[in-house]
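Working notes, beginning with the structure itself.
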Amino acid sequence: DRPLIAPILIEDWDEKLTHFEFRAEYGTQLGEAIARQLDAQVAQVICLAARSAATLTATQAATKGGQQITKASADTSAAAMLEAMIEAAAGFERRDVRASELHFYVKPEMYFKIVEEGSLINADFNGPNGSKATGTVMKGWGFHIGMSNNIPDSVVTAVAGALNNYAGDFTKTQAIGFHRDAVGTVYREFVTTESQYMIEYQQDLVLAKLMCGTGILRPECACEIVIP
């Protein structure tokens, strides 16, 4: 892909009047901005992998493609989302995907609904697996469960001049399940920073950049939960 870039302008006047060092904080936030964009691209590619056909031979095409599971109320009901999670787990088993490295990510609202629903944190059946006190649930049906703000939920259009395509209609996407083999990210250059003083503006231009690209590896290792 073209490099991911996060820039900021730091004014001389502000820096002279400030009695504490803030460039390190700016650097941290620039890195976080790039990380969020990269996470969003990876999530989009996982969804696209879940919609893809098998990359193996035609005799295995029926069982080696991605999973797109449609589940009514998966956007509002924890019970519906857990049913979709069970279907996803069974689908990965049918596709011979290693269960020890499966992950399942939902949006924050649904994550806390799952915690509130309580079946996965019931100590009588699960052992220590999170609690309502901490607002956490760790595993369910073989998945490591997490939440993310980067699950796509809109129409992503192709960027003119980009060397990769992450476009798709993700308006119905509610969750993603995946094994690490689903997609791959190749790095040409890791995060670096550059700065330049702009005398005409009396400001320093500081930016962080990352050169990488993400693509589909094994569609059978990806799952997308969508609403009708």
Inset, instruction - Report the residues that fulfil side chain to side chain contact (heavy atoms under 4.5 Å, CB included) with Thr193, sequence neighbours left out, ordered by chain and then residue number. - result: Ala208
Inset, instruction - Using atom types as modelled and distance alone, determine if a side-chain donor or acceptor of Thr28 lies under 3.5 Å from a backbone N or O of Ala24. - result: yes
Output a table of donor-acceptor pairs, distance under 3.5 Å, between side-chain atoms of residues 146-160 and any protein atom two or more places apart or on a different chain; print 'none' if there are none.
{"residue": "Ser148", "atom": "OG", "partner": "Asn150", "partner atom": "N", "Å": "2.9"}

Inset, instruction - Run the salt-bridge test on Glu220 and Lys64 with the 4.0 Å N-O cut-off and return the result as yes or no. - result: no
Legend entry - Asp181 side chain to Cys221 backbone, donor-acceptor under 3.5 Å: no
Inset, instruction - Only counting residues at least two apart or in another chain, list the ones meeting ring-ring contact (aromatic ring centres under 6.0 Å, His included) with His103. - result: His144, Phe178
Inset, instruction - If a pair satisfies salt bridge (Lys or Arg N to Asp or Glu O under 4.0 Å) and one of its residues is in residues 106-130, list it, with sequence neighbours excluded. - result: none
Inset, instruction - List in chain and number order the residues that pass side chain to side chain contact (heavy atoms under 4.5 Å, CB included) with Glu93, two or more places apart in sequence or in another chain; answer none if no residue qualifies. - result: Ala99
Legend entry - Side-chain (Thr134) to main-chain (Gly130) donor-acceptor, under 3.5 angstrom: no
Inset, instruction - Scan for salt bridge (Lys or Arg N to Asp or Glu O under 4.0 Å) pairs involving residues 30-51, sequence neighbours excluded, and state none if there are none. - result: Arg51-Glu224
Legend entry - Those residues that, when tested against Tyr197, pass side chain to side chain contact (heavy atoms under 4.5 Å, CB included) (two or more places apart): Asp12, Ile199, Gln202, Asp204
If you look only at distance, which donor and acceptor atoms sit under 3.5 Å apart when one is on a side chain in residues 70-84 and the other is two or more places apart or in another chain?
{"residue": "Lys71", "atom": "NZ", "partner": "Glu87", "partner atom": "OE2", "Å": "2.7"}
{"residue": "Ser77", "atom": "OG", "partner": "Ala79", "partner atom": "N", "Å": "3.3"}
{"residue": "Ser77", "atom": "OG", "partner": "Ala80", "partner atom": "N", "Å": "3.2"}

Inset, instruction - Could you list the residues that satisfy ring-ring contact (aromatic ring centres under 6.0 Å, His included) with Phe125, not counting sequence neighbours? - result: none
Legend entry - ring-ring contact (aromatic ring centres under 6.0 Å, His included) partners of Tyr166, counting only residues at least two apart: none
Inset, instruction - Kindly state each residue pair satisfying salt bridge (Lys or Arg N to Asp or Glu O under 4.0 Å) with at least one member in residues 187-203, sequence neighbours excluded. - result: Glu194-Lys209
Inset, instruction - Apply the ring-ring contact (aromatic ring centres under 6.0 Å, His included) test between Phe104 and each candidate in Trp141, Phe143, Phe92; give the one that qualifies. - result: Phe143
Legend entry - Residues that Asn129 engages under side chain to side chain contact (heavy atoms under 4.5 Å, CB included), provided they are two or more places apart: Leu120, Asn126, Val137, Met138, Lys139
